[in-house]
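Keep in mind that what you see is a predicted model, and the values were worked out from it rather than measured. Note that these values count all heavy atoms, side chains included, but never hydrogens, waters or copies made by symmetry.
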Amino acid sequence: MPDDALDIIPRDLRFGLVENADAAWFDGDPLKSSIIDGFAVLLPEGERFFIRSLRHYAGQIDDPVVRQDIQGYAVQEAFHTREHEAYNQALRNLGYDVDAMEAKARSLLDWASDPFRRLLVTCAIEQITYALARFLLSRRGLLRDSRPAYRRLWTWHALEELEHSAVSLRVLRAVTRNMPGWKRYLARVALMSVVLARFLPLAVRNARAMARASGVPMGARGGLRLTWLLFGKPGFFRAALPPLLAYYRPGYRGERTADAELVRQGRAALAAELGEAATASVYRLRGAGAAHAAA
């Protein structure tokens, strides 16, 4: 198994969320759980969108490293899609209106009607997902008391999000190599602003709906506690602000090197959770194709 922290390593893992569905999986707290679930319900639609967005440009890129990164990214996201479809089925089984939430996600993504806009939207949402991944991996013990199936899934997902966090931005730079830097920057940050204005409120609305369906009163007291969880402790949104603000820096290229140690810690955490299964699940990428092999 590669040990370079910058490698993209797809892992074909299954977590059994349908069999272990729990509305209070996060510390036995349905409101904390709903915050993550309200975001997670959007992911299958997004992940399919991301794969299409990057693959559209694969044939236009000369750099073989970037093409290989697109391949590794696509395989990781395909496994993520499968497991988050199971996650959404678990949410359905808990009584949540997942179909309506997925429809809203599709509507948000359908707004990106041309390939370049889809690429920019992919870069923006990947940065939001990267911010959540850093939050989950950098706070040791955050998921310690969570249900094992959920803890393992989020450790795996967060790790792989860090591994491929810079791929969409690398594709953007490759396909806009003849575009003035200022124009690329304005397009990138403008689409991030649109995505933030649409995506995060949708995730919060989902969380509130799920919390209510789980029996959590969402009046003034419930709203205050939700705000505290988002901006106080543990601070889901507060912790996301530095990565999101970093995206607005001119010349921002992702933080792969800066995250190398966190990636190593994430790999160690996944190995501690799954033992030999963490390495036996590695999906080996070879040339233009891919083959699954036990490590």
Please say whether the positively charged group of R117, taken as NZ for Lys or CZ for Arg, lies over the ring of W111, i.e. under 6.0 angstrom from the six-membered ring centre and within 45 degrees of the axis.
-> yes
What are the two closest heavy atoms between S214 and A23, and how far apart are they?
-> OG-CB, 3.7 Å
Under 3.5 Å, is there a donor-acceptor pair between the side chain of R67 and the main chain of I61?
-> yes
Could you tell me which non-hydrogen atom of G38 sits nearest to which non-hydrogen atom of M210, and how far apart they are?
-> N-SD, 3.7 Å
Does a side-chain N-to-carboxylate-O contact under 4.0 Å join D7 and R267?
-> no
Looking only at heavy atoms, what is the nearest atom pair of L42 and A105, with distance?
-> CD2-CB, 3.7 Å
Separation of H157 NE2 from F15 CZ (nearest 0.5 Å) = 10.5 Å
Please step through side-chain contact (heavy atoms from CB on, under 4.5 Å) for the pair I36 and L132, ending with a clear verdict.
-> CA-CA 9 Å; I36 300 292; L132 175 64; 4.1 Å; yes
Examine the side chains of E161 and H164 and answer whether a donor and an acceptor come within less than 3.5 Å of each other.
-> yes
From CG (L120) to OG (S53), nearest 0.5 Å = 10.0 Å
Treating Ile, Leu, Val, Met, Phe, Trp and Tyr as nodes and any side-chain heavy-atom pair under 4.5 angstrom as an edge, say whether F39 and W228 lie in one connected cluster.
-> no
L159 CG to L270 CG distance, which is reported to the nearest 0.5 Å = 6.0 Å
Separation between CZ of R11 and OG1 of T279, rounded to the nearest 0.5 Å | 10.0 Å
Return yes if some donor-acceptor pair links the side-chain N/O of S107 with the main-chain N/O of K104 below 3.5 Å, else return no.
-> no
Exceeds 12 heavy-atom contacts within 6.0 angstrom, atom CZ of R212 | yes
Treating Ile, Leu, Val, Met, Phe, Trp and Tyr as nodes and any side-chain heavy-atom pair under 4.5 angstrom as an edge, say whether V18 and M101 lie in one connected cluster.
-> no
Given side-chain contact (heavy atoms from CB on, under 4.5 Å), test L143 with Y150 step by step and report yes or no.
-> CA-CA 9 Å; L143 298 176; Y150 287 85; over 6 Å; no
For F49 and L109, which heavy atoms make the closest approach, and how far apart are they?
-> CE1-O, 3.6 Å
Pairwise side-chain contact, Y247 with L169, heavy-atom cut-off 4.5 Å (strictly under) | yes
So, Y87 and D37: side-chain donor and acceptor under 3.5 Å apart, yes or no?
-> yes
V189-W182 co-clustered via ILVMFWY side chain contacts under 4.5 Å = yes
Should we count CD of E261 as having more than 12 external heavy atoms under 6.0 Å?
-> yes
Scan residues 176-196 for pairs that pass salt bridge (Lys or Arg N to Asp or Glu O under 4.0 Å), counting only residues two or more places apart or in two chains.
-> none
Under 3.5 Å, side chain of S33 to main-chain N/O of W25, donor-acceptor pair present?
-> yes
Given side chains that start at C-beta, do those of L13 and F79 come closer than 4.5 Å, heavy atoms only?
-> no
Note: N20 and G16 closest approach over all heavy atoms is ND2-O, 2.8 Å
Does any non-hydrogen side-chain atom of R225 lie less than 4.5 Å from one of V216?
-> no
Summary of salt bridge (Lys or Arg N to Asp or Glu O under 4.0 Å) pairs that have at least one residue in residues 18-27, sequence neighbours excluded | D22-R147, D27-K32
Under the side chain to side chain contact (heavy atoms under 4.5 Å, CB included) rule, collect the residues that match up with L108, sequence neighbours excluded.
-> R198, F199, L202
For the pair E77 and R55, evaluate salt bridge (charged side-chain N to carboxylate O under 4.0 Å, His left out) and give the outcome as yes or no after the intermediate values.
-> CA-CA 12 Å; E77 289 289 15; R55 279 183 167 169; over 6 Å; no
Under 3.5 Å: donor-acceptor pair, side chain of Y185, backbone of Y248 | yes
Would you find a donor on one side and an acceptor on the other, under 3.5 Å apart, between the side chain of Y57 and the backbone of F116?
-> yes
If only atom types and distance count, is the side chain of Q76 paired as donor or acceptor with the main-chain N or O of I9 below 3.5 Å?
-> yes
Side chains of W156 and L274 in contact at under 4.5 Å (non-hydrogen atoms) = no
Is the closest side-chain heavy-atom distance between R134 and L262 below 4.5 Å?
-> yes
Sequence neighbours excluded - salt bridge (Lys or Arg N to Asp or Glu O under 4.0 Å) pairs with any residue from residues 80-93 = D12-R82, R48-E85, R92-D99, R92-E102
Check whether V175 and I51 end up in the same hydrophobic cluster, where Ile, Leu, Val, Met, Phe, Trp and Tyr are linked by side-chain heavy atoms less than 4.5 Å apart.
-> no
Which atom pairs, one a donor and one an acceptor, fall under 3.5 Å between side chains of residues 238-246 and the rest of the protein, sequence neighbours left out?
| residue | atom | partner | partner atom | Å |
| --- | --- | --- | --- | --- |
| R238 | NE | F231 | O | 3.2 |
| R238 | NE | G232 | O | 3.1 |
| R238 | NH2 | G232 | O | 2.5 |
| R238 | NH2 | P234 | O | 3.2 |

Would Y73 and R170 count as a side-chain contact (heavy atoms from CB on, under 4.5 Å) if you check the C-alpha gap in whole Å, the side-chain angles of each, and the deciding distance to 0.1 Å?
-> CA-CA 12 Å; Y73 174 97; R170 297 187 72 193; over 6 Å; no
Side-chain contact test, heavy atoms from C-beta onward, threshold under 4.5 Å: evaluate it for M218 versus L31 and give yes or no.
-> yes
Take V195 and Q127, measure what side-chain contact (heavy atoms from CB on, under 4.5 Å) needs, and give me the verdict at the end.
-> CA-CA 11 Å; V195 167; Q127 187 72 6; over 6 Å; no
Would you say I128 and L196 make side-chain contact, with heavy atoms under 4.5 Å?
-> yes
Among pairs that include at least one residue of residues 118-144, which meet ring pair (Phe, Tyr, Trp, His ring centres under 6.0 Å), considering only residues two or more places apart or in two chains?
-> F135-F236
Is F50 close to S168 at the side-chain level, that is, under 4.5 Å between some pair of heavy atoms?
-> no
What's the spacing between R208 CZ and I35 CD1 if we round to 0.5 Å?
-> 11.0 Å
So, for N88 and A40, which heavy atoms are closest and what is the spacing to 0.1 Å?
-> OD1-O, 3.9 Å
